[in-house]
Amino acid sequence: RDKISYAASSSWEFMKDQSVWRELIQRVGASYSAISVREAIGCKIIREISGREVDRALDPALLLDKADYLKIASPKKILKRPTLLYYAVNITSAEEMAIDRICGWADKINADTRVVGIQGAENFSPSAMFLRPTPSEFLTLFYQAKCVVTNSFHGIVFSIVFDKPFVFVRQKSGKWGNQNLRQNELLEFLALEQRHVDDDEQSNNVVELLS
């Protein structure tokens, strides 16, 4: 049978210099009938290592539209008031979580703040704000939210799918390298670079973006 790699992803800048990973790509690359990855830089790196053509493909989450996801979403009312949904991943400190700044933005648009996240976000969020949704409830939160703040690629995706005002806050680079490549590429592709808020100096227009 043919073997196909669809929409693979990696910490490309980190992995490209790892000899074991490069040897693996060289070895298995020839055995695949087709290879596609999500990021443009990934296509370039795999081409250079394997010497074969690599296609760029959509993230699977973008293959469905709003109507499709609403069939999966929970029908119950989760957010009772206008709410800023903060979806954060890969958080290592309270400073990085910056919950006070997020709540300040929510206050300015007369909204509550609710937090969803993994990989550390649960450790730096007030328990009264933090939600632990099921997969169907996760979709419902994006649908019912007034706006979204996120550092996650899929946070951007679901904000777009559900037509929500959003801003993207960059993740800090860690031991796995730059975790913002796919987010930056998606925003650039959609001409939404203005949705990227990097620091307080650039946040003067956040209230307008979230409104």
Side-chain angles (χ1 to χ4, degrees), residues 59 61-62 64-67 69-70 72-172 179-180 182-184 186-188 190-211:
D59 183 276
L62 289 163
L64 301 179
D65 61 19
K66 181 177 178 180
Y69 282 116
L70 286 177
I72 306 170
S74 169
K76 70 180 180 181
K77 184 71 172 175
I78 300 175
L79 302 176
K80 306 296 195 275
R81 281 182 26 85
T83 300
L84 180 157
L85 180 66
Y86 182 23
Y87 177 45
V89 299
N90 295 333
I91 299 294
T92 59
S93 68
E95 179 184 10
E96 191 176 353
M97 192 72 189
I99 194 69
D100 289 341
R101 180 172 68 159
I102 306 301
C103 290
W105 294 343
D107 289 343
K108 289 179 180 179
I109 59 172
N110 193 30
D112 292 342
T113 303
R114 293 293 179 268
V115 182
V116 176
I118 55 174
Q119 299 165 328
E122 64 277 21
N123 299 325
F124 302 101
S125 302
S127 57
M129 292 183 186
F130 194 78
L131 302 174
R132 301 179 185 274
T134 65
S136 62
E137 290 170 345
F138 178 82
L139 296 173
T140 302
L141 288 171
F142 277 87
Y143 176 62
Q144 294 179 358
K146 178 176 183 177
C147 58
V148 177
V149 176
T150 187
N151 68 356
S152 159
F153 174 85
H154 289 102
I156 295 174
V157 167
F158 287 117
S159 297
I160 293 170
V161 166
F162 288 111
D163 305 313
K164 298 299 174 178
F166 74 93
V167 294
F168 163 62
V169 180
R170 185 189 300 272
Q171 294 182 36
K172 292 185 177 180
Q179 298 295 311
N180 302 290
R182 76 175 81 170
Q183 294 96 311
N184 292 336
L186 179 60
L187 293 176
E188 181 180 358
L190 297 174
L192 292 173
E193 296 97 326
Q194 76 277 14
R195 296 278 165 183
H196 174 206
V197 178
D198 214 7
D199 52 39
D200 288 336
E201 284 72 33
Q202 292 180 293
S203 66
N204 294 331
N205 64 338
V206 168
V207 172
E208 180 180 350
L209 290 170
L210 293 178
S211 300

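All values reported here derive from a predicted model rather than from experimental measurement.
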Crowded around K76 NZ? As in, over 12 foreign heavy atoms under 6.0 Å? no
Under the 6.0 Å and 45° cation-pi test, does R195 pair with F168? no
Ignoring hydrogens and angles, state whether a donor on the side chain of T140 or Q144 is under 3.5 Å from an acceptor on the partner side chain. no
Between I156 and L187, is there a side-chain heavy-atom distance shorter than 4.5 Å? yes
Taking atom types as modelled, is there a side-chain donor on D59 or H154 under 3.5 Å from an acceptor on the other? yes
Testing the basics here: between R81 and N110, what is the closest heavy-atom pair and its distance to 0.1 Å? NH2-O, 4.0 Å
Is the backbone N or O of A145 less than 3.5 Å from a side-chain atom of K164, with the two atoms forming a donor-acceptor pair by type? yes
Q171 and N180: side-chain donor and acceptor closer than 3.5 Å? no
How far apart are the closest heavy atoms of T113 and T83, and which atoms are they? C-CG2, 4.4 Å
Just do the side chain to side chain contact (heavy atoms under 4.5 Å, CB included) check on L192 and I160 with the steps written out, would you? CA-CA 11 Å; L192 292 173; I160 293 170; 4.2 Å; yes
Closest approach of I99 and P126, non-hydrogen atoms and distance? CG1-CD, 3.9 Å
Tell me whether Y143 at atom OH has more than 12 heavy atoms from other residues, nucleotides or ligands lying less than 6.0 Å away. no
Would you confirm whether K146, through its side chain, and I109, through its main-chain N or O, come within 3.5 Å as a donor-acceptor pair? yes
Kindly say whether the aromatic ring centers of F158 and Y69 come within a distance under 6.0 Å. yes
Taken to the nearest 0.5 Å, the spacing of I102 CD1 from L85 CG works out to 11.0 Å
Donor-acceptor pair, side chain of S152 and main chain of V89, under 3.5 angstrom: no
Minimal heavy-atom distance between E137 and S74, with the atoms involved, is CG-CB, 4.1 Å
Might you point out which heavy atoms bring V169 and R101 nearest each other, and give the distance in Å? CG1-NH2, 3.7 Å
Mind listing the closest non-hydrogen atom pair of M129 and C103 along with its distance? CE-SG, 3.3 Å
Could you walk me through whether E122 and R132 satisfy the salt bridge (charged side-chain N to carboxylate O under 4.0 Å, His left out) test, starting with their C-alpha distance in whole Å, then the side-chain angles of each, then the deciding distance to 0.1 Å, before giving a yes or no? CA-CA 9 Å; E122 64 277 21; R132 301 179 185 274; over 6 Å; no
